[in-house]
Student: 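A single structure is presented below for examination.
For clarity, every value in this text was computed on a predicted model and none was experimentally measured. Start at 1 with the first residue, then count along the sequence.
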Amino acid sequence: MHAFGKYLSRATNFFLATLFAAVILISRPTSSTAAVAVVSNRTPEEVTFSVVETGRPVDHSQPTQYKIAPGDLTVVPLSRGTIAKLASDAVNYDIQADAAYYFGELPSGKIDLGRIGIGEMPTFDPRAELSNIPSPKISPDANDAARTITVKIFVDEKEPEKPAAWQRRLRDRVAAASDILERTCGMRLKVIDTGTWQSENIAKFEDAVDEFTRKADPGEARIAIGFTSQFQITKGRTHLGGTRGPLNRHILLREWSQYVTEPERLELLVHELGHFLGAVHSPEPDSVMRIILGDKQARVRKFQIHFDPLNTLAMNLVAEEWHRHPLHSYAELSPQTQARLRVIYGAISQTLPDDPSSLQYLRILDRTAAPRIIIGPQ
């Protein structure tokens, strides 16, 4: 499987065709591990709404209030198998988990709620659903541990700064990436160790990822994140980072370029962590999962690093299961989660037919055994 690389473009104006609205900031109630619906605001005005689940016990019947700025997006925890009522401006809408919605302005000027089309999610016997299996009561510390991805940071022998300096710089970057992941899907990062590895000046980035995988032992950490300062003179676009796919233990990033700013380095790290948690390349031009990152967007002061709605759904599906048991491969995902991810990746692949990432994730899913499912209405 090929590494998922990013490219540094010399073009100053690059634009990808959009499928969904821009997302500026993702907010998430971090205490919940429920299934989710994603609601975005495509209007020029702030949108306020409330959500209440129907058919739930009294302690779950109180509405939760949300406020979304223009272009913003929020994650709404829901229970599968129930319909929630979303109320905005005295209008009620039905919403459900594993779906993405948007507030849009009609030609008449009226604001209405629509659903982002990704096809029907497959349905299952409710008794097989993870969300219907009561979670054991655990302490707050155990709950935090279940949402934590441990990290070991590596630099190679070409790192120019002294250990205290590079450790502080990279720990701060990982902490900033952790904040973004926690808002998106409730997962967080914790650096537990640092180290170095002897790297070669390898021209092909995929080979450099292989070398890092062989030489950098994560030890007790769940993932090893390497920052290479090997310098190579390249023409045109070049790979800035890569991993071998979802839940892989190694991520490698280039650190040498003097033309890349710290916000761009952070965005690159978040992009690769998105791949780790199930996100694929997106057609949205300002999503952190867009194909080309070196387009100078992250240098703009008001730019916010964020995920698009469908990748937000995908990452929450993975995080939902991780919270119950640490994951090491997609083969460990439940059949229900695998089936839902296939729908999301299939929808994204249709918008980016020339990009391999969503198809590669589909192939990974297809290597695992999938039981018979009950397909939802067409």
Student: Tell me whether the rings of Y361 and Y330 are parallel (<30°), tilted (30 to 60°) or perpendicular (>60°).
Tutor: perpendicular

Student: Do any pairs count as a salt bridge (charged side-chain N to carboxylate O under 4.0 Å, His left out) and have a residue in residues 215-231, sequence neighbours left out, and if so which ones?
Tutor: E211-K215

Student: Do R265 and T261 make a side-chain contact, defined as non-hydrogen atoms from C-beta onward lying under 4.5 Å apart?
Tutor: no

Student: Can you list the steps and then say if R173 with E267 is a salt bridge (charged side-chain N to carboxylate O under 4.0 Å, His left out)?
Tutor: CA-CA 10 Å; R173 192 181 305 167; E267 189 178 43; over 6 Å; no

Student: Just jot down the ring-ring contact (aromatic ring centres under 6.0 Å, His included) partners of F227, sequence neighbours excluded, or say none.
Tutor: none

Student: Does K85 have any salt bridge (Lys or Arg N to Asp or Glu O under 4.0 Å) partners at least two apart in sequence or in another chain, and if so, which?
Tutor: D94

Student: Taking C-beta and beyond as the side chain, do T228 and L253 meet within less than 4.5 Å on heavy atoms?
Tutor: no

Student: Check whether any side-chain heavy atom of L240 lies under 4.5 Å from a side-chain heavy atom of F205, and answer yes or no.
Tutor: no

Student: Is the backbone of G186 close enough, under 3.5 Å, to the side chain of R147 for a donor and an acceptor to pair up by distance?
Tutor: yes

Student: Any side-chain donor paired with an acceptor under 3.5 Å for Q65 and T48?
Tutor: no

Student: Is there side-chain contact between V174 and I153, with at least one heavy-atom pair below 4.5 Å?
Tutor: yes

Student: Return each pair, listed once, that meets salt bridge (charged side-chain N to carboxylate O under 4.0 Å, His left out) where at least one residue sits in residues 95-109; pairs must be two or more places apart or across chains.
Tutor: R80-D98, D98-R340

Student: Checking S282 against N311 for the side chain to side chain donor-acceptor pair (under 3.5 Å) test, could you report, in this order, the C-alpha distance in whole Å, the side-chain angles of both residues, the deciding distance, and whether it holds?
Tutor: CA-CA 8 Å; S282 169; N311 277 316; 4.7 Å; no

Student: Would I149 and I192 show up in the same hydrophobic cluster when neighbours are defined by side-chain heavy atoms closer than 4.5 Å?
Tutor: no

Student: Can you see which heavy atom on Q230 is nearest to which on R254, and at what distance?
Tutor: O-NH1, 4.4 Å

Student: For residues V51 and I95, determine if any side-chain heavy atom of one lies less than 4.5 Å from a side-chain heavy atom of the other.
Tutor: yes

Student: What do the steps show when you test F276 against V318 for side chain to side chain contact (heavy atoms under 4.5 Å, CB included), and what is the final call?
Tutor: CA-CA 10 Å; F276 174 80; V318 174; over 6 Å; no

Student: Contact between P122 and V343 at the side-chain level, heavy atoms closer than 4.5 Å - yes or no?
Tutor: yes

Student: Testing L327, L333, L317 for side-chain contact (heavy atoms from CB on, under 4.5 Å) with W322, which one passes?
Tutor: L327

Student: CG of D355 to CZ of R290: how many Å apart, nearest 0.5 Å?
Tutor: 13.5 Å

Student: So do the side chains of C185 and L277 get within less than 4.5 Å of each other, counting heavy atoms only?
Tutor: yes

Student: What residues, two or more places apart in sequence or in another chain, satisfy side-chain contact (heavy atoms from CB on, under 4.5 Å) together with A145?
Tutor: none

Student: Can you list the residues that meet the ring-ring contact (aromatic ring centres under 6.0 Å, His included) rule with W197, with sequence neighbours excluded?
Tutor: F212

Student: Quick check: closest heavy atoms across I68 and L73, and the distance to 0.1 Å?
Tutor: CG2-N, 3.8 Å

Student: Got a sec, which residues hit salt bridge (Lys or Arg N to Asp or Glu O under 4.0 Å) with R169, two or more places apart in sequence or on another chain?
Tutor: E159, E161, E255

Student: Assess, by modelled atom type and distance only, whether the side chains of T243 and E272 contain a donor and an acceptor separated by less than 3.5 Å.
Tutor: no

Student: Could you measure the distance from the CD1 atom of I348 to the CD atom of E284? Nearest 0.5 Å is fine.
Tutor: 9.0 Å

Student: Under the rule for salt bridge (Lys or Arg N to Asp or Glu O under 4.0 Å), what residues qualify as partners of D193, not counting sequence neighbours?
Tutor: K152

Student: Step by step, would you call Y345 with V280 a side chain to side chain contact (heavy atoms under 4.5 Å, CB included)?
Tutor: CA-CA 8 Å; Y345 296 152; V280 297; 3.8 Å; yes

Student: Could you list the residues that satisfy side-chain contact (heavy atoms from CB on, under 4.5 Å) with T213, not counting sequence neighbours?
Tutor: V209, H250

Student: May I have the step-by-step check of side chain to side chain donor-acceptor pair (under 3.5 Å) for N143 and H323, ending in yes or no?
Tutor: CA-CA 8 Å; N143 182 62; H323 191 265; 2.7 Å; yes

Student: Pairing donors with acceptors under 3.5 angstrom, does anything connect the side chains of Q360 and S357?
Tutor: no

Student: Do S79 and T82 have side-chain atoms, one donor and one acceptor, less than 3.5 Å apart?
Tutor: no

Student: Tell me, please, which residues at least two apart from Y101 pass side-chain hydrogen bond (donor to acceptor under 3.5 Å, both in side chains).
Tutor: none

Student: Before giving the answer on salt bridge (charged side-chain N to carboxylate O under 4.0 Å, His left out), spell out for D179 and R188 the whole-Å C-alpha distance, their side-chain angles and the decisive distance to 0.1 Å.
Tutor: CA-CA 7 Å; D179 290 342; R188 60 177 60 153; over 6 Å; no

Student: Who pairs with D172 by side-chain contact (heavy atoms from CB on, under 4.5 Å), at least two apart in sequence or on another chain?
Tutor: R168

Student: Just how far is it from atom NE2 of H328 to atom CG of L247, taken to the nearest 0.5 Å?
Tutor: 9.0 Å

Student: Begin from the C-alpha positions of F49 and F103 and carry the test ring-ring contact (aromatic ring centres under 6.0 Å, His included) through to its verdict.
Tutor: CA-CA 10 Å; F49 65 94; F103 282 100; 5.6 Å; yes

Student: Using every non-hydrogen atom in the two residues, find where P70 and T43 come nearest and quote the distance to one decimal.
Tutor: CB-O, 3.3 Å

Student: Output the distance between atom CG (L268) and atom CD1 (I305), rounded to the nearest 0.5 Å.
Tutor: 10.0 Å

Student: Would you say the side-chain atoms of S349 pair up with the backbone N or O of G346, donor to acceptor, closer than 3.5 Å?
Tutor: yes

Student: Give, for atom CD of E182 and atom CG of L189, the distance between the pair rounded to the nearest 0.5 Å.
Tutor: 9.5 Å

Student: List the atom of P326, the atom of E332, and the distance in Å for their closest heavy-atom pair.
Tutor: O-OE1, 3.7 Å

Student: Kindly give the heavy-atom pair with the smallest separation between V288 and L293, and that separation in Å.
Tutor: O-CD2, 3.5 Å

Student: Using side-chain heavy atoms (C-beta onward) and a distance below 4.5 Å, is E53 in contact with Q96?
Tutor: no

Student: How many angstroms lie between CD1 in I180 and CG in L269, if you round to the nearest 0.5 Å?
Tutor: 8.5 Å

Student: Considering residues at least two apart in sequence or located in another chain, which fulfil the side-chain contact (heavy atoms from CB on, under 4.5 Å) criterion with T196?
Tutor: V155, W166

Student: Which heavy-atom pair separates L266 from A177 by the least distance, and what is that distance?
Tutor: CD1-N, 3.6 Å

Student: Show your working on side chain to side chain contact (heavy atoms under 4.5 Å, CB included) between N316 and V75 and close with a plain yes or no.
Tutor: CA-CA 9 Å; N316 274 276; V75 176; 4.3 Å; yes

